[in-house]
Amino acid sequence: GDGGGKTFAKIQYAKQALVTLGKTLESLRVNYSLRGFSATSGSFQICDIVMKEFEDADIDYKTVDRVFYPNEGYNDHCQNRDGSSIRHATQLLLKQRGKKLLIVISDGMPAHPSGIDSYSGRFGERDTKEAIAEAEKEGIHIVGISIDRHANNFVMEAYPNAFVFNDLERFPRQLTETYIKAVLGR
């Protein structure tokens with residue numbers, strides 16, 4: 001396998017993307033929530049890990065650290081049911097006022113092979129695409145950010161607005177441009 005090195009690098013990339021995303025949204029004065037989702041082995045369940053709720057003033061960095069530190073906290077699952085997570089986030093966003101934007105940070109592989117239905121491959125990809133379409137029908141703008149430039153092109157194919165996170169310095173500008181394009185239609 002890839003050992004722990006590649007997985008650890010992805011986890012750290014995701015953490016950088018998430019923290020930068022939060023800071024960028026704060027600078028744009030956008031009301032936002034930061035959440036992580038992890039699939040539970042042997043079930044259909046996902047864990048909704050709140051790092052910032054809409055009404056919170058700041059990101060809970062202790063939770064961020066627990067989520068993104070290998071072999072600790074929530075990261076022991078390292079599996080994801082993207083479709084289920086998008087549906088859950090959609091329901092949370094529908095309770096908010098104003099325009100809605102869902103930004104999904106992904107490694108490009110919806111995978112929960114230890115779930116009871118082998119959620120991976122075409123099945124996981126199809127479910128994710130269906131969840132994206134459902135969110136769009138509800139008026140939610142959705143953006144996919146791939147943290148693995150070497151992964152398949154799933155994120156770029158599945159999401160209406162998507163880009164690869166590969167330059168931390170450029171990332172805030174990419175986010176701002178994506179926000180303006182998706183939410184403000186410019």
Side-chain angles (χ1 to χ4, degrees), residues 13-40 44-68 73-75 77 79-108 110 112 119 124 126-147 154-156 158-165 171-186:
Y13 233 45
K15 180 180 179 179
Q16 286 179 328
L18 182 95
V19 170
T20 304
L21 171 63
K23 290 179 179 180
T24 302
L25 292 173
E26 283 174 18
S27 74
L28 294 170
R29 291 184 164 50
V30 173
N31 186 27
Y32 70 97
S33 175
L34 289 178
R35 309 177 102 79
F37 296 96
S38 183
T40 304
F44 288 115
Q45 289 185 316
I46 57 168
C47 299
D48 177 9
I49 306 150
V50 180
M51 291 167 268
K52 182 190 174 298
E53 200 51 91
F54 286 102
E55 60 272 5
D56 294 343
D58 296 309
I59 297 170
D60 179 352
Y61 287 101
K62 287 182 182 178
T63 301
V64 171
D65 288 340
R66 278 198 317 268
V67 168
F68 291 102
Y74 306 102
N75 200 33
H77 303 300
Q79 297 182 33
N80 46 301
R81 298 183 73 87
D82 290 13
S84 300
S85 301
I86 291 168
R87 287 182 186 94
H88 182 74
T90 295
Q91 293 308 307
L92 294 170
L93 280 168
L94 289 174
K95 296 175 184 175
Q96 301 300 310
R97 295 183 7 214
K99 293 191 178 193
K100 295 157 185 65
L101 175 66
L102 174 59
I103 299 175
V104 178
I105 299 173
S106 174
D107 67 357
H112 184 206
Y119 186 97
R126 183 177 61 244
D127 184 57
T128 300
K129 288 178 182 178
E130 288 171 5
I132 291 167
E134 292 164 13
E136 289 185 304
K137 282 182 190 170
E138 294 287 353
I140 295 172
H141 303 280
I142 190 161
V143 175
I145 300 173
S146 175
I147 58 164
F154 177 71
V155 172
M156 303 307 282
Y159 290 84
N161 297 293
F163 62 89
V164 176
F165 170 70
F171 191 52
R173 192 179 84 223
Q174 283 179 298
L175 282 173
T176 302
E177 290 169 359
T178 300
Y179 175 80
I180 290 168
K181 179 181 169 191
V183 176
L184 304 178
R186 294 188 215 152

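Only heavy atoms go into these numbers, but all of them, side chains included; no hydrogens, no water, no symmetry mates.
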Do you know which two heavy atoms are closest between [X] and [Y], and how far apart they sit?
X     : Y      : value
Thr90 : Ala135 : OG1-CB, 3.4 Å
Gly83 : Ala131 : O-CB, 3.5 Å
Ala89 : Leu102 : CB-CD1, 3.7 Å

Working to the nearest 0.5 angstrom, can you tell me the gap between [X] [atom1] and [Y] [atom2]?
X      : Y      : atom1 : atom2 : value
Phe163 : Met156 : CZ    : CE    : 9.0 Å
Thr63  : Leu34  : OG1   : CG    : 11.0 Å
Tyr32  : Leu93  : OH    : CG    : 14.0 Å
Lys100 : Leu94  : NZ    : CG    : 6.5 Å

A side-chain contact here means heavy atoms from C-beta on lying under 4.5 Å apart; do [X] and [Y] qualify?
X      : Y      : answer
Leu101 : Val30  : no
Lys181 : Val143 : no
Lys52  : Val64  : no
Ile86  : Ile132 : yes
Leu28  : Ile180 : no
Phe154 : Thr128 : yes
Asp82  : Ser106 : yes

Qualifying residues under side-chain contact (heavy atoms from CB on, under 4.5 Å), relative to [X], sequence neighbours excluded:
X     : value
Lys62 : Asp60, Arg66
Gln96 : Asn31, Phe54
Thr20 : Thr24, Leu168, Phe171, Pro172
Lys99 : Val183

Once side chain to side chain donor-acceptor pair (under 3.5 Å) is applied, do any residues pair with [X], and if so which ones, sequence neighbours excluded?
X      : value
Tyr159 : none
Glu134 : Arg87
Glu53  : Arg35

*Please walk me through it: do Ile145 and Leu175 pass side chain to side chain contact (heavy atoms under 4.5 Å, CB included)?*
CA-CA 10 Å; Ile145 300 173; Leu175 282 173; 3.7 Å; yes
*Can you name the salt bridge (Lys or Arg N to Asp or Glu O under 4.0 Å) partners of Glu138, sequence neighbours left out?*
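Listed in chain order: nothing, the list is empty.
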_Applying salt bridge (Lys or Arg N to Asp or Glu O under 4.0 Å), can you list everything that pairs with Glu136, at least two apart in sequence or on another chain?_
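Partners of Glu136 by the salt bridge (Lys or Arg N to Asp or Glu O under 4.0 Å) criterion come out as none, since no residue qualifies.
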